[in-house]
Every structure is written in structure tokens, then in C-alpha cells.
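Comments concern the structure below.
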Amino acid sequence: VQLQASGGGLVQAGGSLRLSCAASGVTSSTYTMGWFRQAPGTEREFVAVTRGNGATTNYGNSVKGRFTIARDNAKNTVILQMNSLRPEDTAVYYCAFTQGRLILSAAWAPASYPYWGQGTLVTVSS
């Protein structure tokens, strides 16, 4: 599986950005695909995930109500719509993939994902 992420950039606080991650080489429509982020000097943080056939979504506490994850099963693509962005959202955002449906506690953990995109930088200015 290969992941191609896109959509990062510079935005002012309160603005919006949309990230996209396309997966190729997927062998089954049942998979878990999520977003993590990492700011300099910090550990990789769980942002959002879609599990199974895409009907189940979960969010990290810091982005709930502001970010939305959605999946296009026909294209094996996951979108992360980020609204009301804050300076503390500044980070490199990574998409991650594993075949199958992870339980939620596993979906939060970066180690659960064998496949990662290259990362895309999101910078939110104050």
C-alpha cells in the first residue's frame, strides 16, 4: 500500500484547510485510515480516523467539533476538513493505513499502522 497526502499550507487562525490522502494497492474495502500530526519536539498525536467500511469515525479531543474526516471508498481516499484552525494545530500531518477494522484503542496508536504517507505541513498563523 502506498499513501499520497496533499493539501497542507499556511492559513490564518480561524481559517480552513482540507487535506487529502489517496491509498493505492488496497486489497479490501475494510480498512482503517487515519490522520496523525506531529509538531517539533512532540510525539505523534492522533487526530482522526475512519474504521471498517468508513461508517465509523473518531476524533482526538483537541479537534472534536472543528475537524471532519470523510472517506471515498470508490477512490480509497480520505479527506480531513479542518475548520476554525488555531496556531496550536500547526504540525506536520500524516495519513496512516492498515487493512482491517481496528478497535478504537488501537486506532489511537501510531504503532498500529504499517503504512504512512509522506506528511504535509500545516501552519496556522496567529
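This one's a predicted model, so the numbers in the text were calculated from it and none came from an experiment. Numbering of residues begins at 1 and proceeds along the displayed sequence.
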Might you point out which heavy atoms bring Arg51 and Arg71 nearest each other, and give the distance in Å? C-NH1, 4.3 Å
Any luck finding a side-chain donor-acceptor pair between Asn76 and Tyr31 under 3.5 Å? yes
Side-chain H-bond candidate by donor/acceptor type, Thr56 with Arg101, under 3.5 Å: yes
Of all heavy-atom pairs between Ala5 and Gln118, which one has the smallest distance, and what is that distance? O-NE2, 2.9 Å
Linking I/L/V/M/F/W/Y whenever any side-chain heavy atoms sit under 4.5 Å apart, do Tyr115 and Ile79 land together? no
Non-hydrogen atoms of Ser16 and Asn83 that approach each other most closely: OG-OD1, 2.9 Å
Looking only at heavy atoms, which two atoms of Gly9 and Leu17 are closest? And how far apart? O-CD1, 3.8 Å
Any chance the side chains of Thr120 and Arg37 put a donor and an acceptor closer than 3.5 Å? no
Could you report the tightest heavy-atom contact between Leu85 and Arg66, atom names first, then the distance? CA-NH1, 3.9 Å
Under 3.5 Å, is there a donor on one side chain and an acceptor on the other for Ser62 and Glu45? yes
Is a side-chain N or O of Thr90 found less than 3.5 angstrom from the main chain of Val124, in a donor-acceptor match? yes
So Leu3 and Tyr94, side chain to side chain contact (heavy atoms under 4.5 Å, CB included) or not? Walk me through it. CA-CA 10 Å; Leu3 304 179; Tyr94 297 91; over 6 Å; no
So, Thr32 side chain and Gly100 main chain: donor-acceptor pair closer than 3.5 Å or not? yes
Name the residue from Trp116, Tyr93, Trp108 that meets the side-chain contact (heavy atoms from CB on, under 4.5 Å) definition with Phe36. Trp116
